[in-house]
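Right, one structure below, let's go through it.
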Amino acid sequence: MKTHLTLPLLAVLALAPGLADASCYASYKAKQDSPLKLHFGVAEIDDTKCTKAVARDALKPRLATDGWILLSIVDMIPEEKLDEVKADAGDYFLRY
């Protein structure tokens with residue numbers, strides 16, 4: 001019976017380091033006041049929970065360091081679709 005438990009446990013442990021390095025990507029809208037500036041960007045979020053709430057919590061302080069206010073998380077983007085939004089994000093592609 002121990003062998004039946006040991007093999008799945010070893011499999012989980014072998015995959016665990018990869019899970020810790022999981023990244024996801026969020027598209028977002030941000031603004032600055034006086035004068036009003038808006039931008040659309042894409043940011044990498046280092047977390048195994050790839051949700052809008054996690055992305056919002058991660059991006060707010062990053063953007064604030066340069067005076068930007070997060071308006072919204074537009075979408076969570078799978079890595080294989082990053083090329084589709086790269087042109088739209090322009091200078092703000094993976095900047096924050």
Side-chain angles (χ1 to χ4, degrees):
M1 183 154 188
K2 285 185 180 178
T3 0
H4 294 289
L5 293 174
T6 305
L7 290 176
L9 180 60
L10 288 174
V12 168
L13 291 174
L15 294 174
L19 293 176
D21 295 335
S23 292
C24 63
Y25 302 88
S27 59
Y28 66 90
K29 293 179 183 178
K31 74 169 188 166
Q32 284 182 336
D33 292 323
S34 298
L36 179 63
K37 296 179 188 176
L38 302 170
H39 87 250
F40 170 82
V42 175
E44 183 175 8
I45 308 299
D46 296 326
D47 200 296
T48 56
K49 296 176 187 169
C50 197
T51 66
K52 287 185 176 184
V54 167
R56 183 176 47 252
D57 292 344
L59 276 173
K60 275 185 179 183
R62 290 188 210 172
L63 292 165
T65 60
D66 288 335
W68 290 100
I69 300 166
L70 179 66
L71 295 173
S72 66
I73 300 296
V74 178
D75 204 2
M76 302 310 294
I77 303 168
E79 188 170 1
E80 60 272 7
K81 302 246 179 178
L82 282 176
D83 286 338
E84 295 175 19
V85 295
K86 187 174 184 175
D88 293 336
D91 290 340
Y92 298 100
F93 181 76
L94 303 181
R95 183 172 182 175
Y96 294 98

V74 with L59, same ILVMFWY side-chain cluster at under 4.5 Å: no
Polar side-chain atom of E79 near backbone of Y25 as donor-acceptor pair, under 3.5 Å: no
Donor-acceptor side-chain pairing of Y28 and D75 below 3.5 angstrom: no
M76 vs T51 side-chain heavy atoms within contact, under 4.5 Å: no
Side-chain donor/acceptor of K86 to backbone N/O of F93, under 3.5 Å: no
Gap separating the CZ atom of R95 from the NE2 atom of H39, nearest 0.5 angstrom: 7.5 Å
N-O pairing of D33 and K31 below 4.0 Å: yes
Nearest non-hydrogen partners of A30 and L63, listed with the distance: CB-CD1, 4.2 Å
4.5 Å side-chain heavy-atom contact, L82 and E44: no
Any side-chain heavy-atom pair of Q32 and I69 under 4.5 Å: no
Minimum side-chain heavy-atom gap L38-L71 below 4.5 Å: yes
Single-linkage hydrophobic cluster I77~L94, side-chain heavy atoms < 4.5 angstrom: yes
Atom CG of D91 with >12 non-hydrogen neighbours under 6.0 angstrom: no
Distance, nearest 0.5 Å, that separates OG of S72 from CZ of R56: 10.0 Å
Heavy-atom pair of closest approach, residues A89 and G41: CB-CA, 4.0 Å
Working for side chain to side chain contact (heavy atoms under 4.5 Å, CB included), residues V85 and S27: CA-CA 8 Å; V85 295; S27 59; 5.7 Å; no
Verdict with reasoning, R62 to I45, per side chain to side chain contact (heavy atoms under 4.5 Å, CB included): CA-CA 11 Å; R62 290 188 210 172; I45 308 299; 4.1 Å; yes
Side-chain heavy-atom pair Y92, V42 within 4.5 angstrom cut-off: no
